[in-house]
Amino acid sequence: MNFQKPKGTPDFLPGTVEKWQYLENTARELTALYRYREVRTPIFEHTELFKRGVGETTDVVEKEMYTFADKADRSITLRPEGTAGTVRAYAENKLYADPDVTKLYYVGPMFRYEQPQAGRMRQFHQFGIEALGSSSPALDAEVIAFGYDYCRKLGLKDVRVEVNSVGTAEIRANFRAKLLAFLEPMKEELCRDCRSRMERNPLRVLDCKIDQHRFDGAPSILDELDEECRTHFEQVRGYLDAMGVPYEINPRLVRGLDYYTHTAFEYKAAGIGAIDTIGGGGRYNGLVGQIGGEEHDQPGVGMALGLERVLIILEAQGVSIPEYAPLDLYLIGLGDRAEAETVRLVHAARAAGLTAEKDYQGRKMKSAMKSADRSAAREVAILGDDELDAGVISIKTMATGEQRKLPLGDFIRMLAEEKAGRQA
RNA sequence: GCGGUCGUGGCGAAGUGGUUAACGCAUCGGUUUGUGGAUCCGACACUCGAGGGUUCAAUUCCCUUCGACCGCCCCA
């Protein structure tokens with residue numbers, strides 16, 4: 001083998017792509033109901049966009065970006081997530097002029113330079129939505145409900161929604177100070193990871209599996225929320241209740257991206273190995289202004305789901321996925337004259353709406369039948385000199401083994417009608 | 001970035017420091033001048049991820065490298 005795909009990168013082959021199509025088709029059906037419209041932004045952007053948008057100190061920016069210089073020495077980065085590019089496109093194309101809420105969705109590959117493991121690839125795929133132009137808590141609730149509905153629509157069971165409010169940047173700074181004050185006295189007793197987390201991302205310390213028992217009396221960010229944040233959060237919860245979306249409040253929920261304000265949430269499900277998050281999102285007021293200029297700032301809220309994680313869980317739960325369309329007709333030509341005729345016939349069959357295939361391996365009758373059987377063909381059409389001279393064609397129905405002769409000039413129309421009849 | 005396990009034909013999988021690298025599935029051909037899903041017969045790895053080293057001899061020992069899987073960090 002001369003070439004291998006780059007590490008952590010996928011080939012989706014027939015047999016698997018159908019599953020991806022199902023994930024994407026289901027996503028598109030739901031966006032139509034919710035009135036989100038597709039946006040396709042570049043796979044790569046200027047590095048600065050992600051640094052500013054996602055946050056300089058996040059792990060994504062600090063150590064996971066696929067960054068390179070192009071020929072003009074511009075710093076380019078393969079998108080590690082979808083919100084920054086979408087918000088950039090929104091601002092650059094002046095969609096903020098839209099008097100209504102701008103509702104966008106995207107599906108596509110994202111890139112992060114990481115060690116692959118179960119549910120984590122260097123190229124992975126996300127489906128996400130963004131609603132820009134309103135700070136209504138009703139929109140937060142809609143976005144959360146959307147992701148939940150998507151999982152339901154796919155047939156996923158036991159997806160949990162966790163929500164939290166991370167307030168504003170100032171509130172987080174205050175909370176961070178209080179938290180550090182709480183942690184400082186026990187610093188020496190904490191695990192090594194926790195001590196390093198205290199430096200880099202104190203909010204994450206509370207997630208620690210090892211030291212969990214020490215944090216019973218830890219301060220909660222919910223106690224730090226100001227009046228506006230608290231009201232917003234209460235309203236989001238009220239709307240979720242009204243829509244019947246089940247959720248749990250997790251005051252320790254922290255997201256990996258810096259831009260979240262107010263609402264933050266995650267979708268979780270067991271079954272991907274060490275990982276349980278399949279998606280998440282939140283509100284990001286201020287991000288549009290940061291990317292597109294303060295004068296055009298608009299509030300926004302969005303969510304994204306990791307499709308390979310969704311798929312892993314789908315398969316773990318044994319959810320059935322629609323298969324490749326079955327084969328209606330397999331043509332076998334015996335002898336040169338008949339063989340030439342099958343070329344025309346297979347084409348005509350397709351034009352008549354039949355899924356049709358023929359033998360291209362020059363197989364003999366028996367092998368061709370085997371091949372037809374493997375293809376799970378409903379009918380096999382056999383054309384030899386006998387049939388050709390008589391102006392007929394032999395049609396064998398594989399499931400029953402019954403065989404009949406139909407007029408050569410008419411059998412395609414007849415089979416097409418039979419197919420239509422079965423589907424009616 | 002760190003750690004663990006692993007890498008033999010299309011797939012699954014045995015194997016040993018030394019003449020022809022088991023077996024199963026799949027595939028192809030035959031048994032049946034033109035008929036599938038069963039049986040039987042036959043064919044199918046100058047080669048054991050790649051590169052280097054040790055050795056009279058390496059798929060089997062050592063090193064390097066690439067990759068896969070799993071975990072840590074973190075996240076989708």
Side-chain angles (χ1 to χ4, degrees), chain A residues 1-10 13 54 57-65 79-83 107-128 147 191-197 200-201 204 207-210 253-257 266-269 272-281 303-313 330 332-335 338-339 359 361-388 393-403:
Chain A
M1 194 54 232
N2 290 325
F3 294 100
Q4 296 175 278
K5 58 184 157 50
K7 183 177 191 147
T9 252
L13 304 175
V54 175
T57 61
T58 59
D59 273 39
V60 170
V61 168
E62 277 186 347
K63 49 181 226 191
E64 295 170 4
M65 293 207 299
R79 63 184 189 188
E81 55 94 56
T83 300
V107 189
M110 305 294 165
F111 304 84
R112 292 185 198 172
Y113 194 96
E114 292 209 83
Q115 268 338 296
Q117 71 182 65
R120 181 204 278 157
M121 296 283 279
R122 288 186 173 181
Q123 178 181 328
F124 61 103
H125 299 76
Q126 286 191 338
F127 162 48
C191 72
R192 210 156 52 90
D193 283 338
C194 277
R195 292 202 298 272
S196 92
R197 272 189 282 250
R200 297 180 300 117
N201 193 345
R204 280 239 103 84
D207 269 345
C208 181
K209 292 138 199 143
I210 301 167
L253 176 69
V254 182
R255 306 240 62 228
L257 313 178
E266 284 188 355
Y267 303 100
K268 293 188 174 180
I272 324 180
I275 292 164
D276 63 355
T277 302
I278 61 177
M303 71 96 210
L305 288 153
L307 293 183
E308 20 286 273
R309 292 184 180 180
V310 169
L311 186 55
I312 288 169
I313 289 175
Y330 188 104
I332 300 172
L334 301 166
E339 166 65 15
D359 169 55
Q361 309 282 32
R363 289 194 163 94
K364 295 178 183 170
M365 185 72 193
K366 184 181 172 74
S367 301
M369 285 300 293
K370 279 192 181 179
S371 167
D373 189 45
R374 265 200 306 276
S375 306
R378 177 182 181 86
E379 322 262 10
V380 173
I382 302 155
L383 187 66
D385 289 340
D386 300 351
E387 284 89 351
L388 216 46
I393 190 163
S394 297
I395 303 297
K396 178 165 185 171
T397 302
M398 295 299 268
T400 61
E402 287 165 22
Q403 191 161 321

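Throughout, protein chains are lettered first and strands after them, A, B, ... in sequence-line order, and every chain is numbered starting at 1. If you're wondering where the values come from, they're calculated on a predicted model, not measured in any experiment.
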**Asked** Under 4.0 Å between a side-chain N or O of R374(A) and OP1 or OP2 of rC28(B)?
**Response** yes
**Request:** Under 4.0 Å between any heavy atoms, over every strand shown, what does E308(A) touch: base, sugar-phosphate, or nothing? Just pick one.
**Result:** nothing
**Request:** Can you check whether any acceptor in the base of rA76(B) is under 3.5 Å from a donor in the side chain of E114(A), or vice versa?
**Result:** yes
**Request:** Counting Watson-Crick and G-U wobble pairs only, both distances under 3.5 Å, name the nucleotide matched with rG37(B), or none.
**Result:** none
**Message:** Going by purine N1 to pyrimidine N3 plus the second Watson-Crick contact, or the G-U wobble pair, all under 3.5 Å, which nucleotide sits opposite rC6(B)?
**Reply:** rG67(B)
**Request:** Ignoring backbone atoms, test whether S367(A) places a side-chain nitrogen or oxygen under 4.0 Å from the OP1 or OP2 oxygen of rG29(B).
**Result:** yes
**Asked** At under 4.0 Å between heavy atoms, what does A304(A) touch on the DNA or RNA strands: base, sugar-phosphate, or nothing?
**Response** nothing
**Item:** Any P109(A) side-chain heavy atom under 4.5 Å of H125(A) side chain
**Value:** yes
**Item:** hbond_proxy R204(A) side chain to rC75(B) base (donor-acceptor, 3.5 Å cutoff)
**Value:** no
**Fill in**
For A377(A) and Y330(A) the tightest heavy-atom approach is CB-CB, 3.7 Å
**Message:** For rG71(B) and Q117(A) - does any side-chain N or O of the residue sit under 4.0 Å from the phosphate oxygens OP1/OP2?
**Reply:** yes
**Request:** Could you check whether M121(A) gets within reach of a base, just the sugar-phosphate, or nothing at all, counting any heavy atom under 4.0 Å?
**Result:** base
**Prompt:** In the structure shown, which nucleotide is the Watson-Crick or G-U wobble counterpart of rA26(B), with both distances under 3.5 Å?
**Reply:** none
**Prompt:** Paired with rU31(B): which nucleotide, if any, by Watson-Crick or G-U wobble criteria at under 3.5 Å for both distances?
**Reply:** none
**Asked** Base, sugar-phosphate, or nothing for G119(A), non-hydrogen atoms under 4.0 angstrom?
**Response** base
**Message:** Taking the nucleotide of RNA chain B with the nearest heavy atom to each, does K366(A) or A118(A) sit closer to the 5' end?
**Reply:** K366(A)
**Prompt:** Just wondering, do M121(A) and T9(A) contact through their side chains at under 4.5 Å, heavy atoms?
**Reply:** no
**Request:** Please work out if R363(A) contacts a base, only the sugar-phosphate, or nothing of the nucleic acid, heavy-atom cut-off 4.0 Å.
**Result:** sugar-phosphate
**No-H, no-angle donor-acceptor pair, D373(A) side chain to rG37(B) base, under 3.5 Å** = no
**Prompt:** When all nucleic acid strands are considered with a 4.0 Å heavy-atom cut-off, which category describes I278(A): base, sugar-phosphate, or nothing?
**Reply:** sugar-phosphate
**hbond_proxy E387(A) side chain to rG34(B) base (donor-acceptor, 3.5 Å cutoff)** = yes
**Asked** I272(A) or S394(A): which one's nearest nucleotide on RNA chain B is closer to the 5' end?
**Response** S394(A)
**Prompt:** Can E81(A) and R112(A) be said to form a salt bridge (charged side-chain N to carboxylate O under 4.0 Å, His left out), step by step?
**Reply:** CA-CA 9 Å; E81(A) 55 94 56; R112(A) 292 185 198 172; over 6 Å; no
**Message:** Please classify the nucleic acid contact of A274(A) as base, sugar-phosphate, or nothing, using heavy-atom distances under 4.0 Å.
**Reply:** sugar-phosphate
**Request:** Remember a base hit wins even if backbone is also touched, and classify K7(A) as base, sugar-phosphate or nothing at under 4.0 Å, heavy atoms.
**Result:** sugar-phosphate
**Prompt:** Is any side-chain N or O of K396(A) under 3.5 Å from a base N or O of rG36(B), one able to act as donor and the other as acceptor?
**Reply:** yes
**Base rC74(B) paired with R120(A) side chain (donor-acceptor, <3.5 Å)** = yes
**Asked** Hey, is the side chain of K63(A) pairing donor to acceptor with the base of rC74(B) inside 3.5 Å?
**Response** no
**Fill in**
Output for pair (L305(A) CG, E308(A) CD), nearest 0.5 Å, gives 11.5 Å
**Message:** Can you tell me the base-pairing partner of rA13(B)? Count Watson-Crick or G-U wobble geometry only, both distances below 3.5 Å, and say none if there is no partner.
**Reply:** none
**Prompt:** Picking from rU35(B), rG30(B), rG36(B), which would you name as closest to the side chain of M398(A)?
**Reply:** rG36(B)
**Request:** With P as the reference atom in both, quote the distance from rG3(B) to rC63(B) in angstrom, rounded to an integer.
**Result:** 15 Å
**Message:** Under 4.0 Å, counting only non-hydrogen atoms across every strand here, what does G333(A) touch: a base, just sugar-phosphate, or nothing?
**Reply:** nothing
**Nucleotide opposite rG1(B) in a Watson-Crick or G-U pair, distances under 3.5 Å** = rC72(B)
**Prompt:** Could you state the interatomic distance from CD1 (I313(A)) to CD1 (I272(A)), rounded to the nearest 0.5 Å?
**Reply:** 3.5 Å
**Message:** Cation-pi check for F111(A) against R122(A): NZ or CZ below 6.0 Å from the six-membered ring centre and within 45 degrees of the axis, yes or no?
**Reply:** no
